[in-house]
Amino acid sequence: MDYKQKEGKVFSQGPSNIAIVKYWGKKEVQLPFNTSVSFSLDKCLTNTSINYYSCKKLDEYSFSFLFDDKPNPNFEIKLKQFFNRIIDLLPWLKHFHLDIKSSNTFPHSSGIASSASSYSALAIALSEMHVQITGESLSPEIISEIARLGSGSACRSTHKGWNLWGKINEHESNDRYAVSINNEVHEAFNNIQDTILIVSNKQKEISSTVGHQLMNNHPYKEARINQANNNTLLLLNALKHGNWELFLEIAESEALSLHGLMMSSKPGYTLLLPESLQIITKIRAFRESSKIPVGFTIDAGPNIHIIYPDTNKKEVLEFIETELSIHCQDKLYIQDKISSF
């Protein structure tokens, strides 16, 4: 097969994303039990570079992988599985060797969706390779699908801004890839702020992969699917009309429901720490006293995302510095926001 380019280099960045309606539980190959809605972040990124050159067709994929300039055997195993899944979408893969290097701008495996940023960065880099090698561009839907085949939530990180993943009758969405909903969001949510309080930067004891598997026989599985799909419709309405009160109500309910599902799994487990609960209590008290629309969401980890309008950034950051940073590991927090779109 004749390729337009037989060697080259690509560089990409993939953002983490924070889901407001959570994806939890999957079927077949990374297909979600329920719909989810998220926004991509601006500063929490995975940087990925790939040097590639053509080689003879191989029985197995030829690649090397370094994370922070060090080998990562566990992720190499996952990459082999990933390449097996996407070969039909990128058939040239078996004709090239890939030297892949990756690094994060935030703590790895601590509940800040590092798999989402990692696989979205990789999917975007592979799409750039596809252009160089074949001369053809991949659609945003295909790029999102490639990312999903590495990590489900990664499909939401190939788009900037607001994203919807999962099929619902009321929207032209899909289980195979995420779609952008930026044109359906009120300007009140265009510059949403997200300050991530690092309660712990240690790797999680229970991975999200295991957590998803435990949903297969969860006693609240069907109720959870209905809850998430209903919350998706409510959230889309809140986003459309700029309703911060409803937005925060859904965000906090979804966050606590996610961790409730973990605790009621068989076996049950918890990723929240005492400091996480102290932060939640203080956020709610501050919102009540200040009347500022500030709330929280949490991914699969102990760290708390504080979400609020950019117009209240000064007051909220002062509150974080004086009242909440003491609950963080080494007083560490990451000031982030929605990615520009």
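Here the structure is a predicted model, which is why all the values come from computation and not from measurement.
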#### Entry: Heavy-atom side-chain proximity of Ser120 to Pro15 below 4.5 angstrom
yes
### Query
Is the closest side-chain heavy-atom distance between Thr195 and Tyr308 below 4.5 Å?
yes
#### Entry: Pair Arg287 + Glu252, salt bridge at N-O below 4.0 Å
yes
### Message
In this structure, is the centre-to-centre distance between the rings of His212 and Phe33 below 6.0 Å?
### Response
no
### Message
Please check if the number of heavy atoms outside Phe341 that lie under 6.0 Å from its CZ is greater than 12.
### Response
yes
### Query
Tell me, do Lys167 and Asn174 make a side-chain contact under 4.5 Å, heavy atoms counted?
no
### Message
If we ignore hydrogens and angles and just use 3.5 Å, is the side chain of Thr35 paired with the main-chain N or O of Trp165 as donor and acceptor?
### Response
no
### Query
Between Asn17 and Thr158, is there a donor-acceptor pair closer than 3.5 Å when you use the side chain of the first and the backbone of the second?
no
### Task
Taking the side chain as every heavy atom from C-beta outward, state whether His171 and Ile181 have any pair of such atoms under 4.5 Å apart.
yes
### Message
Could you tell me if the side chain of Ile307 sits less than 4.5 Å from the side chain of Gln193, heavy atoms only?
### Response
no
### Message
Check Glu288 with Lys291, please: is the shortest side-chain N to carboxylate O separation under 4.0 Å?
### Response
yes
### Message
With a 4.5 Å cut-off on side-chain heavy atoms, are Ile142 and Ile146 touching?
### Response
yes
### Query
Would you call the rings of Phe83 and Phe63 parallel, tilted or perpendicular if under 30° counts as parallel and over 60° as perpendicular?
perpendicular
### Task
Test salt bridge (Lys or Arg N to Asp or Glu O under 4.0 Å) on Glu321 and Lys331 and set out the steps.
CA-CA 9 Å; Glu321 183 62 32; Lys331 294 189 174 182; over 6 Å; no
### Task
Could you tell me whether Lys22 and Asp299 make a salt bridge, using a distance below 4.0 angstrom between a side-chain N and a carboxylate O?
yes
### Check: Leu236 and Ile168 side chains under 4.5 Å, non-hydrogen atoms
yes
### Query
Would you say Lys282's side chain and Glu323's backbone share a donor-acceptor pair under 3.5 angstrom?
yes
### Query
With a 3.5 Å cut-off and no angle check, do the side chains of Glu7 and Ser54 form a donor-acceptor pair?
no
### Query
Would you call Glu141 and Arg176 a salt bridge, using N to O less than 4.0 angstrom?
no
### Query
Can you find a heavy atom in the side chain of Lys70 that is under 4.5 Å from one in the side chain of Leu66?
no
#### Entry: Donor-acceptor contact below 3.5 Å, side chain Asn47 vs main chain Ser12
no
### Query
Do Asn51 side-chain atoms and Ile100 backbone N/O form a donor-acceptor pair below 3.5 Å?
no
### Task
May I ask you to decide if the ring planes of Phe189 and Phe247 are parallel, tilted or perpendicular, using 30° and 60° as cut-offs?
tilted
### Message
Tell me if the aromatic rings of Tyr53 and Phe96 count as close, with their centers under 6.0 Å from one another.
### Response
no
### Query
Are the charged groups of Lys4 and Glu136 less than 4.0 angstrom apart, N to O?
no
### Query
Hey, do the aromatic rings of Phe75 and Tyr119 have their centres closer than 6.0 Å?
yes
### Task
Could you walk me through whether Ile18 and Leu41 pass side-chain contact (heavy atoms from CB on, under 4.5 Å), step by step?
CA-CA 7 Å; Ile18 180 65; Leu41 295 172; 4.2 Å; yes
